[in-house]
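Structure, as structure tokens:
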Amino acid sequence: MTDEPHDIAETARRWIVRMASGAMTAEELNAFREWRAASPEHNAVFEQERALWRALHITPEQERITRGTWQRLGRRRHLRRGLFLGSAAMVALALVLYAPVASIWLRADQWTGTTVKTLTLADGSRAILDSDTAIATRYTATARTITLLKGNALFEVKHDPRRSFRVVARDGATEDVGTVFEVRREEALVRVAVARGVVDVHAPRGAPTAVRLEAGDRTSYTDGRIAAVEHGIAPEEIAAWAHGDLILDNAPIHEAIAAIARYRQGRVYVLANDVETPRISGAFRIDQADAAITTIAATAGMTVTRLPAGILLLHRP
């Protein structure tokens, strides 16, 4: 019996995460090499998954730990485990660094890198995923469930009265009633906006009844509580990123830079605080992220210094 493609991909992810933990043993390294050599498909899938891992905004420290683990085990495969594990503190640090990324990655069916991606789902619906966005899908005979694990997504739903379409994010869910809507999973809350049609927003712990949104409506929820509904949201403000635009409205500079930096490779650091810099408003193209960052820096009276690996520093001249 051959492994299913999904099983091979999941196995490859687990090997990568194990290496990234800094605690892989020589025996495990041998087992990994045997698994990789057992089939050309194993090797090909592993390379694909490793490329994706490297695209997921891994910090230089995380990459150093991964690379160090691999090299250390390769050189000392016959030594006792205690000689190459390093300190318990380093292992713990590696696990802390990787745990949030690994938890999402192992659950995700799709995870974008620095570009926007359009998917046609199994039922013919479309999901447009913003950069750095991860989803998991589960379809049954009676329900279609998309879990938004990270980021922002715009859904164009093909209505099916026999199967509900729900997008789950944190402690709530948005249920389609035949529509186009955006769900944004932000740091502290989830935002839902409707471009066309109708949705019901559920946040069970604090709101046993759903809040209905129609075209041009927007709300948010957190900790089981749904905020008041905003009406009259302009269509161009809903999932502007899906059309290649980023709209900033009176945003602090760290928030503005974080919003545009997700569309480029390499970290961007702002060496200033929000209080001493002006707030940023404007429309920018996400396919011209570096130009947008340069413009924002000029607005804030700052200089951009370019470093290796695509790193940018914004600082006072």
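Side chains are part of it too, since the values below use all heavy atoms of this structure and drop only hydrogens, waters and symmetry mates.
Between Q110 and K117, the shortest heavy-atom contact is OE1-NZ, 2.9 Å. D217 and I233 get closest at one heavy-atom pair: C-CG1, 4.4 Å. Shown here for A239 and E182, the closest heavy-atom pair between the two residues is N-OE1, 3.1 Å. Between N152 and R185, the shortest heavy-atom distance links the atoms OD1-N, 3.8 Å. For the residue pair I260 and A292, the shortest heavy atom distance occurs at CG1-CB, 3.8 Å. The shortest heavy-atom contact between Y263 and S131 is CE2-OG, 3.2 Å.
Taking 4.0 Å as the cut-off between side-chain N and carboxylate O, D176 and R166 do not count as a salt-bridged pair. Ion pair R279/D249 not flagged as a salt bridge, since none of the NZ, NE, NH1 or NH2 atoms sits closer than 4.0 Å to an Asp/Glu carboxylate oxygen. Here R285 pairs with D245 in a salt bridge; the nearest charged N to carboxylate O distance falls below 4.0 Å. Salt bridge R212/E214: absent, no basic N to carboxylate O contact under 4.0 Å.
Note: R33 CZ to E28 CD = 13.0 Å, rounded to the nearest 0.5 Å. Here the CZ atom belonging to R191 is positioned 10.5 Å from the OG1 atom belonging to T222, to the nearest 0.5 angstrom. Going from atom CD of E230 over to atom OG of S220 covers 7.5 Å, rounded to the nearest 0.5 Å. Taking CD of E156 as the reference point, atom OG of S125 lies at 9.0 Å (rounded to 0.5 Å). A distance of 12.5 Å separates NE2 of H42 from CD of E34, quoted to the nearest 0.5 Å. Remark: D171 CG to R225 CZ distance equals 9.5 Å, nearest 0.5 Å.
Under the 4.5 Å side-chain criterion, counting only non-hydrogen atoms from C-beta, I128 is in contact with R126. By the 4.5 Å heavy-atom criterion applied to side chains, I311 and Y269 are counted as neighbours. Looking only at side-chain heavy atoms (C-beta outward), H231 and V229 come within less than 4.5 Å of each other. Taking the side chain as every heavy atom from C-beta outward, I293 and I257 approach each other to under 4.5 Å. In this structure the side chain of L312 never reaches within 4.5 angstrom of the side chain of L307, judged on heavy atoms. The shortest distance between side-chain heavy atoms of I247 and F284 does not fall below 4.5 Å. In this structure, the side chains of Y221 and V211 stay at 4.5 Å or more apart for every pair of heavy atoms. The closest side-chain heavy-atom distance from R262 to T133 is below 4.5 Å.
Distance alone, capped at 3.5 Å, is enough to place a donor-acceptor pair between the N273 side chain and the V275 backbone. With hydrogens and angles ignored, the 3.5 Å screen pairs a side-chain donor or acceptor of D274 with a backbone N or O of H254. A donor-acceptor distance shorter than 3.5 angstrom exists from the side chain of T299 to the backbone of T295, with no hydrogens or angles considered. Using modelled atom types, no side-chain atom of R184 and backbone atom of V192 make a donor-acceptor pair closer than 3.5 Å. No donor-acceptor pair under 3.5 Å is formed between the side chain of R264 and the backbone N or O of D290. Under the 3.5 Å distance criterion, the side-chain polar atoms of T219 are matched with a main-chain donor or acceptor of A227. The backbone N or O of L149 lies less than 3.5 Å from no partner atom in the side chain of T147, so there is not a single donor-acceptor pair. Side chain of T174 to main chain of V201: no donor-acceptor pair is present (N/O by atom type, distance under 3.5 Å, no hydrogens or angles). In terms of modelled atom types and a separation under 3.5 Å, the side chain of H159 and the main chain of F165 share no donor-acceptor contact.
The aromatic rings of W35 and F46 lie perpendicular to each other, with more than 60° between the two planes, well past the 30° mark.
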Next item on the list: For side chain to side chain contact (heavy atoms under 4.5 Å, CB included), just list the numbers for I296 and I253, CA-CA rounded to whole Å, side-chain angles, deciding distance to a tenth of an Å, and then say yes or no.
Entry: CA-CA 8 Å; I296 291 171; I253 190 166; 4.1 Å; yes
Item checked: L129 and I135: CA distance, side-chain angles, deciding distance, side chain to side chain contact (heavy atoms under 4.5 Å, CB included) verdict -> CA-CA 9 Å; L129 308 185; I135 64 169; 4.0 Å; yes
Notebook entry, point to check: Where do K158 and D123 land on the salt bridge (charged side-chain N to carboxylate O under 4.0 Å, His left out) test, with the steps shown first?
Noted result: CA-CA 7 Å; K158 185 174 182 180; D123 64 329; over 6 Å; no
Checklist line | Evaluation steps, side chain to side chain contact (heavy atoms under 4.5 Å, CB included), between V183 and V190 | finding: CA-CA 7 Å; V183 181; V190 175; 3.7 Å; yes
Note to self: Would W15 and R36 count as a side chain to side chain contact (heavy atoms under 4.5 Å, CB included) here? Give the steps.
What the structure shows: CA-CA 10 Å; W15 278 124; R36 190 175 180 182; over 6 Å; no
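Remark: the D109 side chain and the T137 side chain contain an N/O donor-acceptor pair separated by less than 3.5 Å. A donor atom on one side chain and an acceptor atom on the other are found under 3.5 Å apart for H315 and T305.
Residue L119 is grouped with residue F155 when hydrophobic side chains (ILVMFWY) are merged at heavy-atom distances under 4.5 angstrom, including chains of intermediate members. Following chains of ILVMFWY side-chain contacts shorter than 4.5 Å, one cannot reach I238 starting from V116, and the two form parts of different hydrophobic clusters. Grouping the Ile, Leu, Val, Met, Phe, Trp and Tyr side chains by contacts below 4.5 angstrom, directly or via other members, places V157 with L121. By the criterion of side-chain heavy atoms lying less than 4.5 angstrom apart, applied directly or through intervening Ile, Leu, Val, Met, Phe, Trp or Tyr residues, V168 is not grouped with I226; the two fall into different hydrophobic clusters.
Within a 6.0 Å sphere centred on CZ of R138, other residues, nucleotides and ligands contribute 12 heavy atoms or fewer.
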